[in-house]
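Down below is the structure, laid out as structure tokens.
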There are 2 protein chains.
Amino acid sequence: MSKRPKTAAASSSAKSATRKKADDNPPEFLINVLRDRIANHDLPPGSKLRENSISEEFGVSRARVREAFGGLEERGLIERIPNRGAVVTRLEAPQVFELFAVREVLEGLAVRLATENQPPESWQDLVDLFDKPLEQAVNENDLEFYIEALATLRTRMVIGAESQTLESLLDSIYDRTRVLIRRLVILPGRARQGLKEHRAMLAAMRAGDAEKAEQLKRANIRGSRATFDKFQKFIL
Amino acid sequence: MSKRPKTAAASSSAKSATRKKADDNPPEFLINVLRDRIANHDLPPGSKLRENSISEEFGVSRARVREAFGGLEERGLIERIPNRGAVVTRLEAPQVFELFAVREVLEGLAVRLATENQPPESWQDLVDLFDKPLEQAVNENDLEFYIEALATLRTRMVIGAESQTLESLLDSIYDRTRVLIRRLVILPGRARQGLKEHRAMLAAMRAGDAEKAEQLKRANIRGSRATFDKFQKFIL
DNA sequence: TGTAGGAATATTGTTGACAATTTTACGGAC
DNA sequence: GTCCGTAAAATTGTCAACAATATTCCTACA
């Protein structure tokens, strides 16, 4: 990792569509855009965030940028060092394991709540999607389609759980793990196994068995963690 | 709740010990002090935070106060409304239930990790503390002692879990629930029941039974939730 | 070539001023 | 007493300037 970290200016030059002359976005707009860029590695770990660059790009005051930095730091997405600026945090392996442990219980909870809260037939479209269409996609190595389906599933699960508190926690973790999860999915055999596990989980949800669905989701995440353990040298 | 919300100035006049002429505290000092005040209701729900007052009290720039506000907002502790200022958030009943659900799985995880990570004999002092000394305290309605013991237990559990990620999540939740939990503990019969449950949990930890310890902690929190359900009109 | 030192440049941290918005206070009418 | 309008005061949001600190660049020397 001797590569020179990209600055925000370098990345943000591709994002002029977000440039506002007079800022009429709500205050949370800025922090959410930055969250997204950090989460999808447009601003990769280690990159420096320049107050002036962001201020110029978004047409907001430096003061507002600094406030957003305050928020991003509380979310663990950046680290600010006095007089030296803000850097996007890196995930080290021990943290990844911590995140997996936490994801396991929280996503398990989300699946349970979603199963309890929603009528069983509301999962049928996902059961269908994870049936033949995704089987075909995985067979043809159309992993983008699979990853999209996983994202859809996640969103539905979070919405179905009907807990703002849980959603906020899950989002906070997802911001930090999104790219990692994506890298794990594309590893050999992982998509096939994941499809199988998600199908079983969806079947349990469809049957209204919240406890079983939770356990299956938790097992899925433990499997993901085991994959990370095996391949961590290549993933981080 | 027609009482006029206290302003930060009113509360902060009692805190001049924190006043610094030249600020030589690390940047996170301010947000941590404010977190603590919010968590223990020195800045109670609904109270307004005035930038100038805080700036003067702590001898820091208004800009730094605003940055801290950015962080507090991301933690869900305050809500900022453009041009109107920052208000300490209130917990409504549905949120409390959400927090209980999340606490259950996360504190359960913490107990499990702590049991797995620490040698069984390291819990002996807590086993002893929750034996005769706390029995006596509860018998004599010395609830302050009991609450302190719970705080000690919590701290030990979090440290023992050895997960920064989990600790951060737990702290974030604790900031929002600390006073509520305290109010629940003092309700009739709750301390006695809680002592019994924590003893059983500590016995499981002492025996190195992580799974059982986790289940007992989870049950303890579910009991706490049921108590809240019963008394919520008096507690919120 | 590598290192050290100094200057120039860049960036962060703070401050004070002012614009914009909201809140409070006051007086008058009903 | 309540309501409304107006003015004054308070507070937030932003800006520009400048101080403080860090980084980068250049030169000289071993």
Side-chain angles (χ1 to χ4, degrees), chain A residues 2-13 19-32 34 43 46-74 77-89, chain B residues 2-13 19-32 34 43 46-74 77-89:
Chain A
S2 60
K3 196 170 77 163
R4 181 180 180 88
K6 288 204 276 188
T7 63
S11 302
S12 52
S13 59
R19 181 74 187 258
K20 294 284 182 182
K21 181 69 185 277
D23 185 55
D24 48 7
N25 289 300
E28 65 270 11
F29 173 79
L30 179 58
I31 194 171
N32 285 338
L34 293 175
L43 289 176
S47 47
K48 295 183 181 172
L49 276 55
R50 295 290 172 233
E51 297 175 5
N52 272 339
S53 308
I54 293 171
S55 165
E56 281 167 20
E57 178 192 344
F58 291 95
V60 298
S61 65
R62 246 184 79 209
R64 197 189 278 196
V65 173
R66 292 174 68 83
E67 285 170 39
F69 281 7
L72 291 168
E73 189 173 34
E74 283 303 306
L77 293 178
I78 64 171
E79 184 179 359
R80 303 175 75 194
I81 303 157
N83 293 311
R84 300 178 73 158
V87 181
V88 177
T89 51
Chain B
S2 57
K3 198 169 78 164
R4 182 179 180 86
K6 287 205 273 187
T7 63
S11 304
S12 52
S13 58
R19 181 77 188 258
K20 294 282 183 183
K21 180 72 182 277
D23 185 54
D24 48 6
N25 289 302
E28 65 271 10
F29 173 79
L30 179 58
I31 194 170
N32 286 337
L34 293 175
L43 290 177
S47 46
K48 295 183 182 176
L49 277 56
R50 295 290 171 233
E51 298 176 4
N52 271 339
S53 309
I54 294 170
S55 166
E56 282 168 17
E57 181 193 339
F58 291 94
V60 298
S61 63
R62 243 183 85 211
R64 197 187 282 193
V65 173
R66 293 174 66 85
E67 285 170 38
F69 281 8
L72 292 168
E73 190 175 31
E74 282 302 308
L77 294 177
I78 65 171
E79 184 179 1
R80 300 175 78 193
I81 302 158
N83 291 312
R84 300 180 71 162
V87 181
V88 176
T89 52

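All values below were derived from every heavy atom in this structure, side-chain atoms included, with hydrogens, water molecules and symmetry-related copies excluded. Each chain gets a letter, A, B and so on, in the order the sequences are listed, and its residues count up from 1.
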To the closest 0.5 Å, what do you measure between OG (A/Ser61) and CD (A/Glu51)?
10.5 Å
Just how far is it from atom CG of B/Leu72 to atom CG of B/Leu34, taken to the nearest 0.5 Å?
5.5 Å
In whole angstrom, give the distance that lies between atom CZ of A/Phe29 and atom P of D/dG13.
18 Å
Measuring from the side chain of A/Glu51 (C-beta onward, heavy atoms only), which nucleotide among C/dT15, D/dG13, C/dT12 has the closest atom?
C/dT12
Rounded distance (Å) that lies between atom C1' of D/dG13 and atom CD of B/Glu67:
14 Å
May I ask you to verify if any side-chain N or O of A/Arg50 is less than 4.0 angstrom from the OP1 or OP2 atom of C/dT12?
yes
How long is the line joining CG of B/Asn52 and P of C/dT23, in whole Å?
16 Å
Please state how far atom NZ in B/Lys48 lies from atom P in C/dT22, giving the value in whole angstrom units.
13 Å
Hey, does the side chain of A/Arg66 come within less than 4.0 Å of C/dT12's phosphate (OP1/OP2), counting only N and O?
no
Within this structure, what is the CZ-to-C1' distance between A/Arg80 and C/dT11, rounded to whole angstrom?
13 Å
Rounded to the nearest angstrom, tell me the gap between atom CG in B/Leu30 and atom P in C/dG13.
14 Å
Picking from C/dT14, D/dT14, D/dA22, the nucleotide nearest the side-chain atoms of A/Arg62 would be C/dT14
Check whether any side-chain N or O of A/Arg84 sits under 4.0 Å from OP1 or OP2 of D/dT23, and answer yes or no.
yes
Which angle, rounded to 10°, do you find between the first-five-pair axis and the last-five-pair axis of the helix from C/dT1-D/dA30 to C/dC30-D/dG1?
20°
Apply side chain to side chain contact (heavy atoms under 4.5 Å, CB included) to the pair B/Ile54 and B/Leu30, showing each step before the final yes or no.
CA-CA 9 Å; B/Ile54 294 170; B/Leu30 179 58; 4.0 Å; yes
From CD1 of A/Ile81 across to P of C/dA10 the rounded distance in Å is 21 Å
List the atom pairs, with distances to 0.1 Å, where a side-chain N or O of residues 77-89 of chain A and a protein N or O form a donor-acceptor pair under 3.5 Å, not counting sequence neighbours.
from, atom 1, to, atom 2, distance (Å)
A/Arg80, NH1, B/Glu67, OE1, 3.0
A/Arg80, NH2, B/Glu67, OE1, 3.3
A/Thr89, OG1, A/Gly76, O, 2.9
A/Thr89, OG1, A/Leu77, O, 3.1

Specify the closest pair of heavy atoms between A/Ser47 and A/Leu43, including all atoms of both residues, with the distance to one decimal.
OG-C, 3.5 Å
Residues in side-chain hydrogen bond (donor to acceptor under 3.5 Å, both in side chains) contact with B/Glu73, at least two apart in sequence or another chain:
none
Note: for A/Asn83 and A/Ser61 on DNA chain D, the residue whose nearest nucleotide lies more 5' is A/Ser61
Please round to the nearest 0.5 Å and tell me the distance separating atom CZ of B/Phe69 and atom CD of B/Glu74.
14.5 Å
Figure out the CD1/P separation between A/Ile54 and C/dT11, and round it to whole Å.
12 Å
